[in-house]
Amino acid sequence: MVLLLPLVLAKGSLAVSFSPAVLVAHLGIESPAYIALSKLSVFHIWEIIVLSIGFAACLKISRNKGYAVALLSAGLVAVIHVAYTWIASMF
């Protein structure tokens with residue numbers, strides 16, 4: 001929030017992103033392209049790192065397997081989110 005607040009105040013909008021999604025912001029924040037590119041932000045990458053450490057500790061597996069589980073689970077959620085947005089944009 002400390003990083004987002006100055007950008008929100010400067011832009012005057014809550015639609016602030018630290019991802020390549022700003023390149024397609026003209027399509028709107030509900031577009032499938034924006035949603036897909038927003039999954040590459042700094043905070044999503046940090047989320048995968050934290051999930052992998054957590055999975056490795058909770059499941060008592062190696063850290064590399066924890067990374068694989070985290071990437072698969074977070075990737076699946078991201079794909080479902082993008083697919084849902086794409087389907088919703090068709091109607």
Side-chain angles (χ1 to χ4, degrees):
M1 195 62 181
V2 172
L3 297 174
L4 284 175
L5 188 60
L7 292 174
V8 168
L9 292 174
K11 189 174 179 183
S13 171
L14 291 176
V16 177
S17 179
F18 287 112
S19 67
V22 297
L23 300 174
V24 292
H26 64 282
L27 298 175
I29 62 171
E30 295 294 323
S31 70
Y34 186 90
I35 299 295
L37 288 175
S38 70
K39 299 298 179 189
L40 299 174
S41 73
V42 175
F43 297 111
H44 283 95
I45 293 169
W46 178 247
E47 175 186 1
I48 291 173
I49 292 169
V50 171
L51 278 175
S52 65
I53 294 169
F55 282 139
C58 290
L59 300 176
K60 297 189 187 324
I61 56 177
S62 68
R63 181 119 351 137
N64 287 337
K65 289 182 182 177
Y67 287 130
V69 172
L71 278 174
L72 289 174
S73 62
L76 181 63
V77 170
V79 167
I80 290 171
H81 188 196
V82 171
Y84 176 77
T85 305
W86 179 68
I87 291 170
S89 71
M90 293 170 49
F91 297 106

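- The number of heavy atoms from other shown groups lying within 6.0 Å of CZ (F43) is above 12.
- Residues G28 and Y34 share a closest heavy-atom pair of O-CB, 3.4 Å.
- Summarising the geometry of S19 relative to S38, their closest heavy-atom pair is OG-CA, 3.4 Å, with the distance given to 0.1 Å.
- Cluster membership for I49 and L51, using ILVMFWY side-chain heavy atoms within less than 4.5 angstrom, is not shared.
- V24 and I29 fall within the same hydrophobic cluster, where Ile, Leu, Val, Met, Phe, Trp and Tyr residues are linked whenever their side-chain heavy atoms come under 4.5 Å apart, directly or through other members.
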Side chain to side chain contact (heavy atoms under 4.5 Å, CB included), that's the test. Do L40 and H44 meet it? Break it down for me.
CA-CA 6 Å; L40 299 174; H44 283 95; over 6 Å; no
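- V50 is not connected to L71 by any chain of hydrophobic side-chain contacts under 4.5 Å among Ile, Leu, Val, Met, Phe, Trp and Tyr, and they are in different clusters.
- Contact annotation: the side chain of I35 never approaches that of W86 to less than 4.5 Å [non-hydrogen atoms, C-beta and beyond].
- Considering every non-hydrogen atom in both I48 and A70, the closest pair reads O-CB, 3.7 Å.
- Nearest heavy-atom pair, F18 versus L4, reported as atom, atom and distance to 0.1 Å: CE1-CD2, 3.3 Å.
- Pairing each heavy atom of A56 with each of S62, the nearest pair is CB-O, 3.8 Å.
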